[in-house]
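Numbered from 1 within each chain, the chains take letters A, B, ... in sequence-line order. Only this structure's heavy atoms are used, side chains among them; waters, hydrogens and symmetry mates stay out.
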Amino acid sequence: MTVRVRFAPSPTGYLHVGAARTALYNYLFARHSGGTFILRSDDTDRARSTDEFQADILEYLRWLGLEWDEGFDAGGRHGSYRQSDRYDRYREVAHGLVRRGHAYYSLATGEQLDAFKQAARAAGTSPAYDGSLEPPYEEISKWLAAGETAVVRFKVPRPGETTFTDVVRGDIRFDHAQVDDFVILRSDGTPTYHLASTVDDVDYGITHVIRGEDLLSSTPKHILLTQAMGAEPAIYAHLSLLMGPDGKKLSKRHGDTAMSAYREAGYLPEAMNNYLALLGWNIGDDETIASLDEMVERFDLSTVSKNPAVFDHKKLEWMNGVYIRDMDDDEFVSATLPIVEEAVGRALSEGDRERFARLVPLVKERAKLLPEVGSQARFLFVEIDDYDEAAWSKVMEVDAAPVALDGALAVLEDLEPWTTEAIDAALRGMLEEHGLSARKGLQPIRVAISGSMVSPPLFESLEILGRAETLERIRNARALL
RNA sequence: GGCCCCGUCGUCUAGAGGCCUAGGACGCCGCCCUCUCAAGGCGGUAGCGUGGGUUCAAAUCCCAUCGGGGCUACCA
């Protein structure tokens, strides 16, 4: 059997991390088994679906590198892969179901249904609607003949039960007594999610449905529908949901959930994939870091965890740092140049870029998030007149500061050659001469050239800054003491 | 309320009766390194929800209980 899986988001919101994880697992499973990964747009909710959301989903799926073989925007033999383009097909299936007695036109009103459910609830039983509120057939025909509208409901066979083996959760059983005769066609003739999704899965030959656990209790509906269509149900795998730190389903109130927010915050797609994969699956051999290809190689759906996973920003951040350190310098420069230019407030000249490139090895291992590079590299390209207040009072307004600054000026003025090693030796000599500790004697210099108590390593920074700039900055700071 | 799913360190997980005085990773703490901050090295902290069984032996099997989550729309 050739594996065919699909990721079928509804464009009713931006691509969020939970959906991205579902997409990732589908992708890993497809690639691992040499199957086909399909992207579909489940946009049957016309009121909430927008082109903007659709575009966002495509953009971030691409950003993550989760390329799909077939489907929305990539072509394939099943049309547009956009459900809103297939209403005729869904209607055809629904009408066929009615003809064969698997579905019926329903006239039950919302009020009637509410009463029915409340009564069931009060009795402490299952609230599934079983069609008992429908008027006799003649009345329905008359109603329809008069041109009135009605919804179409699927007739759940009762008594009965649906059982299936979920790849991640094992054997699952649902008594039909608690499965509603659910609506498949709305009164305006458009399909509901259950119908459209199931018809597509059948039509597109989907072999494995890998989706969120929130759809677990809808699965009997999908299996029943599939069987009524005369098709073989897919194999299902329901992934546990992502949780916030409070144990509730991950949502906006826990912070950013949109993938776009993570890119903007400076996360790398490789880190996102690696982290998301770990939320519910372990690579094996006590390993934590693995590339997409390595994960494809080792992915196994049946070892995916049943537990809901809490999304932990701290670990993601750490992992992002790992991937940043792993970037090669050129890659790092192109990823951070815009950030540095933003921090500096202007475009970097050719010479500026060369200086930045020399600083790269120093800042690369100090960043967990890309934007941090802006504040770390900024000092190279701007005049320092906005000394950090705390830094100034803590390291400049002490007796050691003027001594260190004057001493530095003296040994650096004619230093040859202007290299990290020579600067190191010269400044250490100066410290010894004045009986200053490295901490006390070097911090004033750092503040003078960077305006901050935190900067890339001092001697290297001075070398890259250049003699003229270094001396000028030290003099400026000294004059303010 | 009903139905369904889930329950190992704070978090993600390994563990499929003896290999477990429970392993790894993040976090946190300490030490080392050190010009700041990181990175790195070393060490530490912390967990089988609870109660009953079964067994020579249970994190692993059974039952109950408690806790958490999902669904319960003409949303998906």
Side-chain angles (χ1 to χ4, degrees), chain A residues 8-10 12-13 42-45 47-49 106 110 113 117-118 120-128 149-153 166 169-170 172-175 177-180 182-188 190-194 196-197 211-220 238 240-241 243 245 247-249 275 278-289 305-319 321-322 325 362-368 372 376 391 395 424 427-428 431 437-443 445-447 450 452-459 461:
Chain A
S10 291
T12 54
D42 281 16
D43 61 345
T44 50
D45 185 344
R48 294 196 299 145
S49 297
S106 168
L113 255 14
K117 300 215 167 193
Q118 259 168 32
R121 194 168 181 145
T125 61
S126 169
T149 60
V151 300
V152 174
R153 287 180 188 279
D166 189 284
R169 328 198 83 85
I172 311 281
R173 171 185 308 263
F174 284 94
D175 188 326
Q178 67 251 352
V179 180
D180 272 307
F182 55 101
V183 173
I184 56 176
L185 225 47
R186 302 185 186 107
S187 51
D188 65 359
T190 61
T192 60
Y193 166 76
H194 299 303
S197 176
R211 54 169 30 165
E213 195 193 345
D214 51 339
L215 262 358
L216 184 61
S217 31
S218 294
T219 304
H238 288 89
S240 62
L241 270 14
M243 303 295 182
K248 307 279 186 204
K249 192 172 171 180
Y275 180 67
L278 246 38
L279 252 26
W281 178 63
N282 78 299
I283 300 162
D285 298 332
D286 283 341
E287 283 179 50
T288 304
I289 302 295
S305 168
K306 296 191 249 279
N307 301 5
V310 173
F311 192 85
D312 179 11
H313 286 86
K314 277 281 181 50
K315 190 161 185 175
L316 207 212
E317 236 178 68
W318 162 79
M319 192 171 280
V322 171
R325 271 171 257 135
L362 270 25
V363 296
K364 200 170 71 172
E365 67 175 34
R366 289 177 161 68
K368 279 197 167 74
E372 293 169 13
Q376 283 174 8
V395 334
D424 185 329
L427 288 178
R428 282 188 197 285
L431 293 176
S437 68
R439 194 184 199 93
K440 274 206 161 342
L442 262 21
Q443 279 299 75
I445 304 174
R446 186 188 309 284
V447 173
S450 73
S452 158
M453 284 192 290
V454 178
S455 83
L458 189 62
F459 309 136
S461 295

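Residue-level contact check: A:Glu365 touches the bases, meaning some heavy atom is under 4.0 Å from a base atom. Across all strands shown, A:Arg169 has heavy atoms under 4.0 Å from sugar-phosphate atoms exclusively, and none from any base. Across all strands shown, A:Gly280 has heavy atoms under 4.0 Å from sugar-phosphate atoms exclusively, and none from any base. The residue A:Leu185 sits apart from the nucleic acid: no heavy atom pair falls under 4.0 Å. The residue A:Ser218 sits close to a base: some heavy atom pair falls under 4.0 Å. Looking at heavy-atom distances under 4.0 Å, A:Val183 makes contact with sugar-phosphate atoms alone, never a base. Residue contacts shown for A:Leu458 include a base, since a base heavy atom lies under 4.0 Å away. Residue-level contact check: A:Arg48 touches the bases, meaning some heavy atom is under 4.0 Å from a base atom. No contact: A:Met319 has no heavy atom under 4.0 Å from any strand. Nucleic acid contact class of A:Ser305 (heavy atoms, under 4.0 Å, all strands): sugar-phosphate only. Among the atoms of the strands shown, base atoms are found under 4.0 Å from some heavy atom of A:Ser187. Within the nucleic acid shown, A:Pro308 comes within 4.0 Å of sugar-phosphate atoms alone, with no base atom in reach, counting heavy atoms only. Using a 4.0 Å heavy-atom criterion, one finds that A:Pro456 contacts the bases of the nucleic acid, with or without backbone contacts as well.
The pairing partner recorded for B:rC61 is B:rG53, the criterion being a Watson-Crick or G-U wobble arrangement whose two distances lie under 3.5 angstrom.
Residues passing the salt bridge (Lys or Arg N to Asp or Glu O under 4.0 Å) test with A:Lys117 are A:Asp180, sequence neighbours excluded. Taking A:Phe459 as the reference, nothing meets the ring pair (Phe, Tyr, Trp, His ring centres under 6.0 Å) condition, with sequence neighbours excluded.
Taking atom C1' in both B:rA59 and B:rG15, the straight-line distance is 8 Å, to the nearest Å.
In summary, contact between chain A and RNA chain B, defined as any nucleotide atom under 4.0 Å from a heavy atom of the protein, begins and ends at B:rG1 to B:rA76 in the 5' to 3' direction.
Using a 4.0 Å cut-off between charged side-chain N and carboxylate O, A:Lys306 and A:Glu213 make no salt bridge.
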